[in-house]
Amino acid sequence: MEKTNTKRNAVIGICLFAVVFGALLALATVYDLRVSEILVRLDAGAYFTNSVFAAVFECIGSCPVYLFLSIAFACIYTNTKRSKIKPLRILGSIASNIASVVCMYILVTDTVGYAERHADIESFTSTVFAKVIFVFIAIAFGELICNAFSKVDDKTAKALLKYSFIIIFAAAFANLIVNIIKNIMCRPRYRTMNFLGDTEHTNFHRWYQKYTMPTEESPLYIPSVNGHKVGKDAYRSFPSGHTCAAGTTYALLALPHLFKKYNTVKYKVLFYFVSVVFTGTVAISRIVCGAHFFSDVLVGGTSMFIGVMLAIKIFVRKDYERV
């Protein structure tokens, strides 16, 4: 009886998700351009937004994917460090520790890189001095995370290993899908049209309409803006990579499946609230800065949500006993 109810609830949940997503995608299909015309904050002929809100979330919007991946590798480090197999204990712990630090390094450089664009200053991230500073920051935070997780007991460590698999699978799954679609569809961004002076939006394409990437000789190709490389990125609107990255916060939804402490209504509501609000805020900011349309952020965020749900299904068995 319990299995029947579980299957029924799962079917109902999938159907509701499909209906809601389908309805939102239908709205996006019809009102994509109109939503952008209302929300976008761009000066005429500008590529980068004049909105502080959009600029801030462009800088921090992709942070969750690197932060969660850093945590995932720290969880792997915790387990490999306890392995009885010496080569795995030594090589595995070193590799996972380095991977955790690398993720933190990318987080820092990515954030500062976006900040430079909006501050309209000469590139700092490309200097040797900056890279040295970023390495030290990454090592400090990476080691801090690894050290914090290494103190948990063995049962918790094994549960965290499952959590690391969920994060890595979801991030790989969602980002692979998003980047494959981006490179196939080549959808022009709203700010690309704005920069090129296309006030009539003649180059606007709906999410399902494939566009041909302009060659470097084409007047539609934008090599750089204010000294910052643009190139093909001007035609990678669909889906939104930033919203996909922000959606990594959906990994919080896996915690109630692994730990008794979080398997309560209070925590489940909290995790949904944090995930949806942060991902939704980043999604809105991406429209405001003209980087994406409604359909772009919808598909981008949903890709990561599906990735997390699939990962939970794969790595957490029904008979799993929560820690």
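Below, all heavy atoms of this structure are taken into account, side chains as well, without hydrogens, waters or symmetry copies.
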So Lys131 and Thr109, side-chain contact (heavy atoms from CB on, under 4.5 Å) or not? Walk me through it.
CA-CA 8 Å; Lys131 290 178 180 179; Thr109 54; over 6 Å; no

Determine, stepwise, if the pair Phe294 / Leu39 fulfils side-chain contact (heavy atoms from CB on, under 4.5 Å).
CA-CA 10 Å; Phe294 180 18; Leu39 295 181; over 6 Å; no

A quick test of your reading: do over 12 heavy atoms of other residues, nucleotides or ligands sit less than 6.0 Å from [atom1] of [X]?
X      : atom1 : result
Phe141 : CZ    : no
Phe273 : CZ    : no
Lys210 : NZ    : yes
Phe136 : CZ    : no
Phe204 : CZ    : yes
Gln209 : CD    : yes
Ile85  : CD1   : no
Tyr272 : OH    : no

Please determine whether residues [X] and [Y] belong to a single hydrophobic cluster, defined as Ile, Leu, Val, Met, Phe, Trp and Tyr linked transitively by side-chain heavy-atom distances below 4.5 Å.
X      : Y      : answer
Val308 : Phe17  : yes
Tyr235 : Ile184 : no
Ile98  : Ile137 : yes
Phe68  : Ile177 : yes
Phe73  : Tyr105 : yes

Between Arg82 and Asp154, is there a side-chain N and carboxylate O pair less than 4.0 Å apart?
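Salt bridge flag = yes for Asp154 with Arg82.
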
State the [atom1]-[atom2] distance between [X] and [Y], to the nearest 0.5 angstrom.
X      : Y      : atom1 : atom2 : value
Thr156 : Leu161 : OG1   : CG    : 12.5 Å
His242 : Tyr114 : NE2   : OH    : 4.0 Å
Asn226 : Phe48  : CG    : CZ    : 6.5 Å
Ile38  : Leu33  : CD1   : CG    : 10.0 Å
Met185 : Thr212 : CE    : OG1   : 10.5 Å
Thr302 : Tyr250 : OG1   : OH    : 7.0 Å

Using a 3.5 Å distance criterion without hydrogens, assess whether the side chain of [X] forms a donor-acceptor pair with backbone atoms of [Y].
X      : Y      : answer
Ser285 : Ala54  : no
Ser70  : Tyr66  : no
Ser96  : Ser93  : yes
Lys155 : Val323 : no
Asp32  : Ser295 : yes
Thr243 : Gly300 : no

Identify all side-chain donor-acceptor contacts of residues 254-270 below 3.5 Å with residues at least two apart in sequence or on another chain.
| from | atom 1 | to | atom 2 | distance (Å) |
| --- | --- | --- | --- | --- |
| Asn263 | OD1 | Lys268 | NZ | 3.3 |
| Thr264 | OG1 | Tyr267 | N | 3.3 |

Please tabulate, for side-chain N and O atoms in residues 21-30, each donor-acceptor pair with protein atoms closer than 3.5 Å (sequence neighbours left out).
| from | atom 1 | to | atom 2 | distance (Å) |
| --- | --- | --- | --- | --- |
| Thr29 | OG1 | Leu25 | O | 2.7 |
| Thr29 | OG1 | Trp207 | NE1 | 2.7 |

Any side-chain heavy atom of [X] sitting closer than 4.5 Å to one from [Y]?
X      : Y      : value
Phe238 : Phe293 : no
Phe165 : Ile314 : no
Arg286 : Phe57  : no
Met304 : Asn175 : yes
Arg191 : Cys289 : yes
Val101 : Glu143 : yes
Ile306 : Phe173 : yes
Leu67  : Pro64  : no

Between Arg189 and Asn194: side-chain donor-acceptor atoms closer than 3.5 Å:
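Looking only at side-chain atoms, Asn194 and Arg189 do not form any donor-acceptor pair under 3.5 Å.
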
Verify whether one side chain among Ser150 and Thr78 offers a donor that lies under 3.5 Å from an acceptor in the other.
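Thr78 and Ser150 do not have a side-chain donor-acceptor pair below 3.5 Å.
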
Ignoring hydrogens, what is the shortest heavy-atom contact between [X] and [Y]? Give both atom names and the distance.
X      : Y      : value
Asn203 : Pro188 : O-CG, 3.5 Å
Gly92  : Thr80  : C-OG1, 3.5 Å
Pro239 : His292 : O-CE1, 3.9 Å
Arg41  : Ser51  : CB-CB, 3.8 Å
Asn97  : Cys146 : ND2-SG, 3.6 Å
Ala55  : Thr49  : N-CG2, 4.1 Å

Under 30°, 30 to 60°, or over 60°: which ring-plane class applies to Phe315 and Phe169, parallel, tilted or perpendicular?
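Perpendicular.
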
Test side-chain hydrogen bond (donor to acceptor under 3.5 Å, both in side chains) applied to Asp296 and Ser240, Ser237, Ser36, the passing residue
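Among Ser240, Ser237, Ser36, the one meeting side-chain hydrogen bond (donor to acceptor under 3.5 Å, both in side chains) with Asp296 is Ser237.
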
Please assess Val230 against Phe195 for the test side-chain contact (heavy atoms from CB on, under 4.5 Å), listing each intermediate value before the final yes or no.
CA-CA 12 Å; Val230 176; Phe195 182 80; over 6 Å; no

Run the side-chain contact (heavy atoms from CB on, under 4.5 Å) test on Met193 and Thr202 for me, step by step, so that the C-alpha distance in whole Å, both residues' side-chain angles and the decisive distance to 0.1 Å come before the verdict.
CA-CA 8 Å; Met193 294 185 289; Thr202 54; over 6 Å; no

